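Here's the structure we're looking at; comments come further down.
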Number of protein chains: 2
Amino acid sequence: MEPMKEKELQILNASLDLFVERGFHGTSTSEIAKSAGVATGTLFHYFKTKEELINRLYLYSKECMLQEINDDYHSENSFKDNINALWTALVDFGINNSAMFQFILSFHCSPYITSLTKKEVETRSERIMEAYILGLEKQKIKDVPYDLIVDYLWGSVVTTVNYFEKHPQKMNPQIRDLAFDLFWDGISR
Amino acid sequence: MEPMKEKELQILNASLDLFVERGFHGTSTSEIAKSAGVATGTLFHYFKTKEELINRLYLYSKECMLQEINDDYHSENSFKDNINALWTALVDFGINNSAMFQFILSFHCSPYITSLTKKEVETRSERIMEAYILGLEKQKIKDVPYDLIVDYLWGSVVTTVNYFEKHPQKMNPQIRDLAFDLFWDGISR
DNA sequence: TACTAAACCGACTAATCAATCTATAAATAT
DNA sequence: ATATTTATAGATTGATTAGTCGGTTTAGTA
């Protein structure tokens, strides 16, 4: 991604919080501009339309998340350890970037995100996941459609992050590892 | 719930589809009225405000879902069989009532649903789940916080329903049972 | 210093929104 | 039969919206 102007980032960050809180149509461009400390004219200088804003915001958020799991794969580690590292990185990202995580969650199947944006994100996502995927040693994992396992991993991450959001006092590595076991013991034979 | 006038139901059904497709603020009351085949005046006769409409729609949807799992508990069956019946009933509801399921998913933590509505739904929900909960025999289940198990069950249902939505050709009882095993083997020791 | 282009501003506009209002028609009660 | 309430419609209203426009400031460059 190209480096971003300061005001552009301010607008992205302001709209991130507002979109999560009130949704796409529930947030007016003037509110975003005010919250970002810029004029509406400036907003439309950086983003041609409100739709372009949310699409760029989606790309930006996904990019942030993917960067977190980019360097976690180590071929010398066991398959379980690698999956655990991936799962944990995603959960940690969700906890430390609550708004971004919720945004990705809420908007990944939203009609405002164009299919072009989705495709761009998916291609990137698949390339990064590839390393983990290749390690999918069939003998240790149940004979279940590959993409069901992937969806199930993401579902488990989402459940865990939301659980920690709801019960912050229970947020500790022990329960986190316990939650991973719920996933791992489910998929392993 | 009280019996509903015909037009009231038409409005609820029309708004269900539109809210899922375009969100709360993305759907205008005039669109809802048109799609329901009534005038806007009629809509506001049955629902004082747009917010009341979405709250009543939420109650109505949850009620439909809870009715599906109301009579499935049988104390003479094993704990696993009961949990399986619950899980399967929820997945089947999600498949057969796609819009309602997505609506519940999207709006259960939405700011438009008042805390009063949420409380009303939760109380009802907890009373129905109680039977299943009581059967939670600790010796068969991992020693994990009770509400994490509940969240994890719901997460597993959501993942499974969405998977079937995405891959309709893979929607069969075999894969459904396989998905249940992913959940069950995760929580059982 | 003088020129240019990009960044930035906020008043403005046409469209759209939730909700109201007035007017009938239908149903129910007396 | 008559009075009263309820159901329905659609035109209307004041507020709000996404996006524009003309002008000003800032930053880079010759």
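Letters A, B, ... mirror the listed sequences (proteins, then strands); counts begin at 1. Please read all numbers here as calculations on a predicted model, not as lab measurements.
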Q) Once each nucleotide of nucleotides 5-24 of chain C is scored for protein heavy atoms under 4.0 Å, what B/S/- sequence comes out, 5' to 3'? A) --SSBBB-----SBBB----
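B:F101 and B:W154 have their aromatic ring centers within a separation under 6.0 angstrom.
B:T114 and B:T117 are linked by a side-chain donor-acceptor pair at a separation below 3.5 angstrom, with hydrogens and angles left out of the test. For the residue pair B:D147/A:Y163, the side-chain donor-acceptor check at 3.5 Å is satisfied. Donor-acceptor pairing under 3.5 Å is recorded for the side chains of A:N162 and A:Q102.
With salt bridges taken as basic N to acidic carboxylate O contacts below 4.0 Å, one links B:K166 and A:D151. The existence of a salt bridge linking B:R22 and B:D17 is excluded, since no basic side-chain nitrogen approaches an acidic carboxylate oxygen closer than 4.0 Å. Taking a cutoff of 4.0 Å between a charged side-chain nitrogen and a carboxylate oxygen, A:R56 and A:E52 qualify as a salt bridge.
Extent of DNA chain D lying under 4.0 Å from chain B heavy atoms, first and last nucleotide in 5' to 3' order, is D:dA7 to D:dA11.
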Under 3.5 Å, which donor-acceptor pairs link side chains of residues 173-181 of chain A to any protein atom two or more places apart or in another chain?
none

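When the side chain to side chain contact (heavy atoms under 4.5 Å, CB included) test is applied to A:S110, the partners found at least two apart in sequence or on another chain are A:F107, A:Y112, A:I113.
Applying the salt bridge (Lys or Arg N to Asp or Glu O under 4.0 Å) test to every pair with at least one member in residues 104-118 of chain A, sequence neighbours left out, gives no pairs at all.
End-to-end axis angle of the helix from C:dT1-D:dA30 to C:dT30-D:dA1, using five pairs per end and rounding to 10°, comes to 10°.
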